[in-house]
Amino acid sequence: MNLNASSQLFAPCPRGLENPLAAELLQLGASGVHSVPGGVGFEGDTVVVYRANLESRIATRILLRLFTVAYRSEDDIYRASHAFDWPQRFDVGRSIRVYLTAQHCPLKSLDFLTLRIKDAVCDRFRSAIGSRPNVDTRAPDVRIHAFLDATQFTLYLDTSGEPLFKRGGRAVAGEAPLKENLAAGILKLTGWQPGMALLDPMCGGGTFLVEAAQIALEIAPGSARSFGFEKLKGFNAALWQKLRAEAEVRRKPPAPLPIYGGDLYGDTLKVAHANLHAAGLAQAVQLKQANVLEISAPAETGVLVTNPPYGERMGEQQELAEFYPKFGDALKQKFAGWNCYILSADMNLPKLIKLQVSKRTPLFNGALECRLFEYKIVVGSMRGPKPALGDAAGRSGRNGSI
């Protein structure tokens with residue numbers, strides 16, 4: 001990339017987090033920011049590309065747009081892909097993989113189109129230098145992303161490599177883990193800020209806790225990993241080291257924070273502890289094995305956020321139908337003054353929990369459609385509040401323990 005030139009870029013993200021991502025990219029220096037379903041388009045130079053990869057907590061990846069052309073046939077796709085000067089972008093010794101997504105594409109076989117794009121890239125190398133790059137479907141050096149709608153073909157070069165939610169610090173994935181960028185985006189939606197008490201009483205692998213601690217300590221989410229742009233031609237190593245050093249200066253040393261996690265099962269809590277330890281955050285977060293129905297609020301006010309299990313089988317559904325009313329009672333009795341957020345794919349949750357929902361935010365956990373349910377627990381009231389239009393920010397309170 002040319003340091004002084006502004007490039008067209010696109011950052012996909014979990015559906016429902018487009019607006020928080022747009023605000024984040026503006027803070028990182030992006031211009032021309034505009035949200036579309038599933039991501040954010042923007043403009044930026046090399047500094048913006050490097051910084052967005054290093055510091056975006058919500059983006060899934062940062063894609064550099066190479067071109068957009070009209071198409072009608074597979075041959076149009078091949079010709080446009082072959083015409084691009086690939087040897088200018090990366091060395092033939094780099095392995096490649098092509099990814100393709102489409103909406104309303106009239107062509108029949110997406111697998112065949114993917115193959116045609118790959119052939120075009122390799123044929124362009126062979127005609128230019130006499131050899132072609134290898135294909136690696138598992139760990140490619142260079143990832144090429146194609147997108148087709150009904151009439152337009154767009155090709156992107158992936159500057160991230162591995163998805164950005166792979167922070168490089170998770171020791172154990174655990175069962176059905178929450179993606180890190182979805183957790184970070186949800187924290188943004190809750191209005192939680194460093195210094196406020198935060199509790200996840202069903203923390204599982206501890207994703208909310210890790211993300212919150214990294215935010216509080218100003219740890220760049222990409223500080224423990226490498227990126228795709230490091231393998232492209234024109235990589236500016238001096239600039240990259242400068243940006244990494246600037247991020248490192250802002251980083252605060254680990255210290256106890258008003259961030260708390262709990263879980264009913266000790267084995268699950270061990271996973272959370274392992275992930276916190278791998279991220280260097282074990283001393284920043286307080287963990288305790290506890291039944292969510294028996295815990296007390298660790299501070300007078302704060303934010304509770306959790307992604308409870310949801311039932312796929314009839315027996316589990318019956319258990320949850322018995323659990324949720326008790327959970328609602330526990331929140332009313334012990335969390336007055338708190339703002340509580342529950343991410344769930346169970347659309348019956350509000351009826352079962354018997355609290356007044358103040359906000360429902362549609363989100364997607366992968367392909368799974370969910371809602372982030374907001375409950376503002378009013379001091380001195382045994383009922384949920386009326387729907388509110390204000391933001392969801394909790395207030396900071398004194399330290400405590402669950």
Side-chain angles (χ1 to χ4, degrees), residues 9-44 47-64 145 156 158-170 177-194 198 200 205-225 227-229 243 247 250 259 279 303 305 307 341 343 359 361-372 374 391-393:
L9 302 154
F10 184 74
C13 68
R15 292 288 291 267
L17 296 180
E18 294 89 352
N19 290 339
L21 174 58
E24 180 184 66
L25 290 170
L26 281 170
Q27 291 181 334
L28 294 173
S31 59
V33 175
H34 59 282
S35 300
V36 298
V40 177
F42 64 105
E43 298 175 10
V47 173
V48 171
V49 171
Y50 289 5
R51 186 172 285 150
N53 275 289
L54 177 63
E55 301 197 38
S56 175
R57 301 185 189 277
I58 303 174
T60 300
R61 56 181 76 249
I62 305 298
L63 301 176
L64 170 65
H145 292 259
Y156 300 93
D158 188 346
T159 72
S160 300
E162 288 289 320
L164 295 179
F165 58 75
K166 295 188 176 182
R167 313 289 203 218
R170 192 198 286 266
L178 196 67
K179 295 286 193 299
E180 286 81 350
N181 59 336
L182 177 58
I186 288 172
L187 289 172
K188 190 71 175 178
L189 291 174
T190 70
W192 175 81
Q193 297 287 335
L198 181 81
D200 182 354
T207 306
F208 280 125
L209 308 176
V210 172
E211 291 299 307
Q214 287 194 335
I215 291 168
L217 297 175
E218 297 187 49
I219 299 172
S223 59
R225 54 162 287 171
F227 297 93
F229 60 75
L243 294 174
R250 296 194 301 270
I259 299 175
V303 171
V305 61
N307 177 31
Y341 297 84
L343 177 70
K359 192 173 185 180
T361 303
L363 293 171
F364 280 79
N365 184 6
L368 186 65
E369 184 176 0
C370 300
R371 294 290 184 275
L372 181 65
E374 175 189 82
D391 69 21

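The first residue of the sequence shown is numbered 1, and numbering continues consecutively from there. The basis for the numbers below is simple: all heavy atoms, side chains too, and nothing from hydrogens, waters or symmetry mates. Because the structure is a prediction, the values reported are computed rather than measured.
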Where do [X] and [Y] come nearest, in terms of heavy atoms and distance?
X	Y	result
Asn181	Ala59	ND2-O, 3.6 Å
Arg51	Leu243	NH2-CD2, 3.3 Å
Glu24	Ser56	OE1-OG, 2.6 Å

Going from [atom1] on [X] to [atom2] on [Y], what distance comes out if it is rounded to the nearest 0.5 angstrom?
X	Y	atom1	atom2	value
Ile186	Thr361	CD1	OG1	9.5 Å
Phe227	Leu164	CZ	CG	6.5 Å
Phe364	Arg15	CZ	CZ	6.0 Å
Leu17	Arg57	CG	CZ	14.5 Å
Leu198	Gln193	CG	CD	11.5 Å

> Pick from Asp200, Asn307, Val305: which one makes a side-chain contact (heavy atoms from CB on, under 4.5 Å) with Tyr341?
Replying inline: Val305
Review item, side-chain donor-acceptor pairs of residues 211-223, under 3.5 Å, at least two apart:
unit_1, atom_1, unit_2, atom_2, d
Glu211, OE1, Arg167, NH2, 2.9
Glu211, OE2, Arg167, NE, 3.3
Glu218, OE2, Lys252, NZ, 3.4
Ser223, OG, Ala220, O, 2.9

> Tell me, do Ile62 and Phe42 make a side-chain contact under 4.5 Å, heavy atoms counted?
Replying inline: yes
>> Just so I know, are the side chains of Leu343 and Leu178 near enough to count as touching, which here means a heavy-atom distance under 4.5 Å?
In response: yes
> Okay, side chain of Ser160, backbone of Glu162: is any donor-acceptor separation there less than 3.5 Å?
Replying inline: no
> With a 3.5 Å cut-off and no angle check, do the side chains of Glu180 and Thr207 form a donor-acceptor pair?
Replying inline: no
>> Suppose we screen for salt bridge (charged side-chain N to carboxylate O under 4.0 Å, His left out). Which residues come up paired with Arg250, at least two apart in sequence or across chains?
In response: Glu55
> Relative to each other, are the rings of Tyr50 and Phe229 parallel, tilted or perpendicular (30° and 60° limits)?
Replying inline: parallel
For residues 26-41, which side-chain N or O atoms pair as donor and acceptor with protein atoms under 3.5 Å away, sequence neighbours left out?
unit_1, atom_1, unit_2, atom_2, d
His34, ND1, Gly32, O, 3.1
His34, ND1, Gly41, O, 3.3

